[in-house]
Amino acid sequence: MSNELEFNQGVGKYLQEARKNLMEQEEIKRRTSSLKFDTIAVHGLYSIDEAIIRNQGAVIEPLYLATSQGYRDSDELEAAQAYLIPGWAYTRISNPTTYYLEQALALLEGYQSGYETSCAVTSSGMAAINLATEPFLVKQKEGPERINFVSSVQVYGGTYQLFSVRKARERGLEVRWIEHPEELEEWKAKIDENTRFLYVEAPSNPRQSFCEIKSLADLAHAWEIPLIVDATCATPALMRPIAWGADIVVHSLTKSMTASGLAIGGAIISRRPIITRLKNPDPKFKENFAEYLKFWPARDYGSAISPFNALLILNDLRTLRMRMDFLSQNCLKVAEFLSQHPRVSRVDYLGLTSHRLHSLASKYLKLVDSDDGRGQPVNRYGHLLSFRVEGTPDNARKVFDRLRLIFRATDLGRIKSLATIPAISTHQQQGEEARRLADIPPQLIRLCVGAENPDDIVEDLNQALNYL
Ligand SMILES: Cc1ncc(COP(=O)(O)O)c(C=O)c1O
């Protein structure tokens with residue numbers, strides 16, 4: 001933020017107007033954050049007043065496709081460009097439709113966490129992961145510096161590539177992989193004074209690994225570094241890592257948040273403030289990380305989402321909680337079926353009581369605002385599972401090729417059931433050694449269960465497996 005005194009006198013009247021607007025916005029945010037999760041998901045910050053005063057009464061958030069904002073005079077232009085007054089300027093920086101999505105996501109991810117949160121939305125999940133991690137990887141002093149970060153190896157294949165190829169091989173940064181993210185001792189052994197952040201995916205795609213988020217956040221904070229969690233597969237309807245101490249949450253909005261499968265997007269939600277010992281001249285870096293990202297690095301990288309996509313995502317978000325409830329129940333039925341099938345050697349789904357991480361995951365994965373009738377929240381585990389077909393990799397391909405209802409696609413989080421073989425698709429680029437580390441053999445099929453009747457999904461899997 002620039003010093004106000006440097007500006008033309010006429011800027012003053014816009015500052016006064018801006019202060020009034022900001023106070024009103026803060027009041028709407030305060031009021032909205034006291035509502036229940038579903039209400040926030042349905043309305044976000046788009047109140048009746050907002051609709052009537054600013055948007056001609058439109059009940060649904062309007063789609064602002066314009067690339068830029070016009071100003072009343074040079075004073076307003078100057079104040080807006082210096083971020084002295086709220087505005088959106090240019091869609092690469094900000095946009096009114098995207099704003100509504102960001103505000104809704106910040107409130108949902110921060111729901112009942114006790115923290116204020118902010119959000120920056122990006123063009124994809126990968127853009128969000130890059131944007132969230134990059135500011136921590138800058139040099140802090142002259143001369144050689146051996147920067148490292150510690151990450152679970154159980155991450156989406158694209159994330160593995162970003163860390164191992166783009167950041168480690170091409171830039172000389174060190175990534176220290178954790179093979180068993182649930183084991184705190186492994187993390188402890190890898191952190192030192194040059195570690196910039198800890199990174200984990202929970203539950204992970206496709207292996208359903210999980211970790212003790214609270215202890216990991218405490219460990220990170222003991223070193224004065226942030227914990228970044230990719231919670232794409234859980235969504236805030238099932239888990240909100242900030243409430244457990246995480247500093248930053250990243251999402252591929254492309255997945256369960258936009259189950260219709262009509263838009264690509266990503267999000268970074270940070271708590272205020274984040275824990276970091278890194279020096280940055282901008283106080284917002286620590287105080288309001290997501291907003292810092294949005295107004296500075298993202299503006300330069302050009303990672304903005306299209307407002308059209310933002311609206312599609314916003315629209316799907318309204319039914320997030322009920323969808324995750326329903327889809328999780330479907331997935332559990334399918335997982336139970338697969339775990340009994342003689343041609344299946346193993347099923348990884350955190351909702352199965354037989355899964356070795358079931359009780360750990362049960363501590364964290366709870367349907368928001370649910371009640372089991374005895375005052376306890378209801379556990380739900382999402383709609384992603386993986387299973388291994390008995391025998392050779394060729395057997396897995398035969399079963400996969402035989403599916404008639406379930407789509408073969410490198411995607412997940414859809415309202416329609418989808419399956420892929422990660423070793424030849426999402427996790428192909430990372431090579432055999434990295435797949436061995438992450439335990440992703442070619443017999444493993446990843447299945448994301450949709451909203452079809454689960455009997456039909458089971459029947460499709462059954463006919464494909466019985467073909468062997
Ligand atoms: C857990 C997870 N994080 C991030 C991503 C990347 O998201 P996007 O495809 O939106 O870039 C994916 C994609 O599959 C994912 O599964």
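In listed order, ligands and their atoms are each counted from 1. Note that the structure is predicted; figures quoted are calculated from it, not measured.
- Looking from atom 6 (C) of ligand 1 to the surrounding protein, the closest heavy atom is Y156 CE2, 3.6 Å.
- The number of heavy-atom neighbours closer than 6.0 Å to CZ of R402, taken from other residues, nucleotides and ligands shown, is above 12.
- Of all protein heavy atoms, the one lying nearest to atom 16 (O) of ligand 1 is N205 ND2, 2.8 Å.
- Using a cut-off of 4.0 Å between Lys/Arg side-chain N and Asp/Glu carboxylate O, E212 and K363 are scored as salt-bridged.
- Applying the 4.0 Å criterion to heavy atoms of S124 picks out, from ligand 1, the atoms 10 (O), 11 (O).
- Checking S417 against E452 by side-chain atom types alone, a donor-acceptor pair falls below 3.5 Å.
- Among all protein heavy atoms, the one lying closest to atom 11 (O) of ligand 1 is M126 N, 2.9 Å.
- Counting only non-hydrogen atoms, the option in T254, V250, D411, D230 that gets closest to atom 2 (C) of ligand 1 is D230.
- Electrostatic pairing of D439 and R207 counts as a salt bridge here, judged by a charged N lying under 4.0 Å from a carboxylate O.
- Under 4.0 Å is where a charged nitrogen must lie from a carboxylate oxygen, and between K294 and E291 no such pair does.
- Using a 30° and 60° split on the angle between ring planes, F149 and F197 fall in the parallel class, below 30°.
- Annotation for E432: atom CD does not count as buried by contact number, only 12 or fewer foreign heavy atoms lying within 6.0 Å.
- Polar contact check, C233 against ligand 1: no nitrogen or oxygen pair lies under 3.5 Å apart.
- Close approach to E201 involves these atoms of ligand 1, each under 4.0 Å from a residue heavy atom: 1 (C).
- With a 4.0 Å heavy-atom cut-off, ligand 1 is reached by the side chain of I129 but not by its N, CA, C or O.
- At a heavy-atom cutoff of 4.0 Å, ligand 1 is contacted by the side chain of K255 but not by its backbone.
- Within the listing of ligand 1, atoms 7 (O), 8 (P), 10 (O), 11 (O) sit less than 4.0 angstrom from a heavy atom of G125.
- The shortest N or O to N or O distance between T159 and ligand 1 is not below 3.5 Å.
- More than 12 heavy-atom neighbours from other residues, nucleotides or ligands sit within 6.0 angstrom of NZ on K190.
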